[in-house]
Number of protein chains: 2
Amino acid sequence: MSTVAKKLTARAIAERALEIGDAEGLDAVTIRRLASDLGVTPMALYWHYKNKEQLIIGMADHLVGGFAPKPADERPWQEQLRDLTEGLIRTLRAHPCAKDVIEQIDAVTVPSFLAVWDHALRLTRAAGFSVEESCLITQYLLHSATAIADATAAQQASPSGEAEAQRVRRKRLDLQSLPVESYPHLVEMAGPLVERKDPHLYDTFGVDLVLSGIAALAARR
Amino acid sequence: MSTVAKKLTARAIAERALEIGDAEGLDAVTIRRLASDLGVTPMALYWHYKNKEQLIIGMADHLVGGFAPKPADERPWQEQLRDLTEGLIRTLRAHPCAKDVIEQIDAVTVPSFLAVWDHALRLTRAAGFSVEESCLITQYLLHSATAIADATAAQQASPSGEAEAQRVRRKRLDLQSLPVESYPHLVEMAGPLVERKDPHLYDTFGVDLVLSGIAALAARR
DNA sequence: ACCTGAACACCGTTCAAGT
DNA sequence: ACCTGAACACCGTTCAAGT
């Protein structure tokens, strides 16, 4: 698999793990599979990561490592927070397995994410929210960004990509064959519910949804 | 383990799986462990669920089966949507493993969830949103409700509950020992970020956050 | 219809040993 | 410092067979 015999480093391992996860799903990222791809013994990986949890943290770190929030400036916090959110979404969207990676770990353990989070906290504090409220809002923001990025990410091929398309068709048929009198809206909206989402709608409408909620609460204090 | 030798049904299996998941985390829910708890061979479960994915769907179904949305009434959609959201949160909060269960499957495959979803779609349509927008909003609502419920759920004991408390203390110390000049807010807010959340704050502020975002977008169309 | 037994092809991880 | 080999204690799942 590895022709050049690249040097085995924590970074190289995380990169290969992300490639596998993006192409075949996070479930395919296995210590043994990863080692075999890297032309090495499974145990070799334990030198660089103490266990699989640390490896996934490494994946997350490499994932958001590509994103650095702009430094603080003089614009209103709303604009800066939108910038941050959109940047995060763009970064996460580059990796189909981003959502699964983020879900499996605690964001607070990811080194490269600390700067993003601190920045977000500064903005919500500047908006007038309390400490507890800021914690809630920033966690909520991460959640929402992840969901938005995932809904429009490049198609993730569980097995072959063709099998995935098959599953989508199956699910739409399941929805459409539901009793119309019980679930009128599900039947009517089966297509949009199940198919790949329009990135533009999510980038504008989705981000608006999240940020205008925050703005509304900031305005009423 | 089982003294009464209860009849083995899909329902009994899902219930036991939820008990294990709530007490020890979803990772502890294993076909073999579950079978042993039920006093039966692992293969016996395959009669009732075709594979593990179907079992987890069964768990989700049993989870939200305890919640039925109130029938449509004449109140404004905002109030009805808030009712729905709060009901969903209360239901999910009863199970510490609810979040992990929901994350592992597609909500559209959970029978008992279809009624909830159809109801939510009706309300967003009534609010004037388009088909695509309604899909986005209802998925977003499920996500947010799950996150809110999880943040305030009964403590989930990974190993013993004591080990979990240990992890929390560790993480707070990690945050507090970060360089203050680089991450001033993380250091300052280490406690609130890492500790169990105040249910009241999440129930009011958190739900407000989500619903006021929806209301704001509805108002501007 | 409902369950068992044995087997297959995997996992993550430990521990001692090599270089 | 960095990697290997062998072993342990698990997984989910299939398939044939029992009642």
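Everything numeric here is computed off the predicted structure, so don't read it as measured data. We name chains A, B, ... by the order of the sequence lines, and we start the count at 1 in each one.
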(request) Produce a footprint string for nucleotides 11-19 of chain D: one letter per nucleotide, 5' end first; B if the base is under 4.0 Å from any protein heavy atom, S if only the sugar-phosphate is, - if neither. (result) BBBB-----
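- Consecutive Watson-Crick or G-U pairs involving DNA chain C, each under 3.5 Å on both distances, make up stems of three or more pairs at C:4-8 with D:12-16, C:12-16 with D:4-8.
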Please tabulate, for the side chains in residues 40-50 of chain B, all donor-acceptor contacts under 3.5 angstrom to protein atoms that are two or more places apart in sequence or on a different chain.
from: Y49(B); atom 1: OH; to: A10(B); atom 2: O; distance (Å): 2.7

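- One interatomic measurement links the two molecules: CD1 of I13(A) to P of dC2(D), which rounds to 11 Å at whole-angstrom precision.
- Residue Y49(A) contributes atom OH, which lies 14 Å from atom P of dC2(D) at whole-angstrom precision.
- Legend: residues meeting side-chain hydrogen bond (donor to acceptor under 3.5 Å, both in side chains) with Y202(B), ordered by chain and number and at least two apart, are Q139(A).
- Contact of the Q166(B) side chain with the R170(B) side chain is not registered, since no non-hydrogen atoms from C-beta on lie closer than 4.5 Å.
- Between K70(A) and E86(A), none of the side-chain N atoms (NZ, or NE/NH1/NH2) sits under 4.0 Å from a carboxylate O, so this pair counts as no salt bridge.
- Summarising the geometry of C135(B) relative to L121(B), their closest heavy-atom pair is N-CD2, 4.2 Å, with the distance given to 0.1 Å.
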Scan the side chains in residues 102-112 of chain A for donor-acceptor partners under 3.5 Å anywhere in the protein, sequence neighbours excluded, and list what turns up.
from: D106(A); atom 1: OD1; to: V108(A); atom 2: N; distance (Å): 3.1
from: D106(A); atom 1: OD2; to: K171(B); atom 2: NZ; distance (Å): 2.4
from: T109(A); atom 1: OG1; to: D106(A); atom 2: O; distance (Å): 2.6
from: S112(A); atom 1: OG; to: D61(A); atom 2: O; distance (Å): 2.9
from: S112(A); atom 1: OG; to: D61(A); atom 2: OD1; distance (Å): 2.7

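- Between dA1(C) and H48(B), no contact under 4.0 Å exists linking OP1 or OP2 to a side-chain N or O.
- Counting only heavy atoms from C-beta outward, the side chains of L88(A) and L141(A) never approach each other to under 4.5 Å.
- Remark: Y183(B) pairs with no residue by the ring-ring contact (aromatic ring centres under 6.0 Å, His included) rule, at least two apart or across chains.
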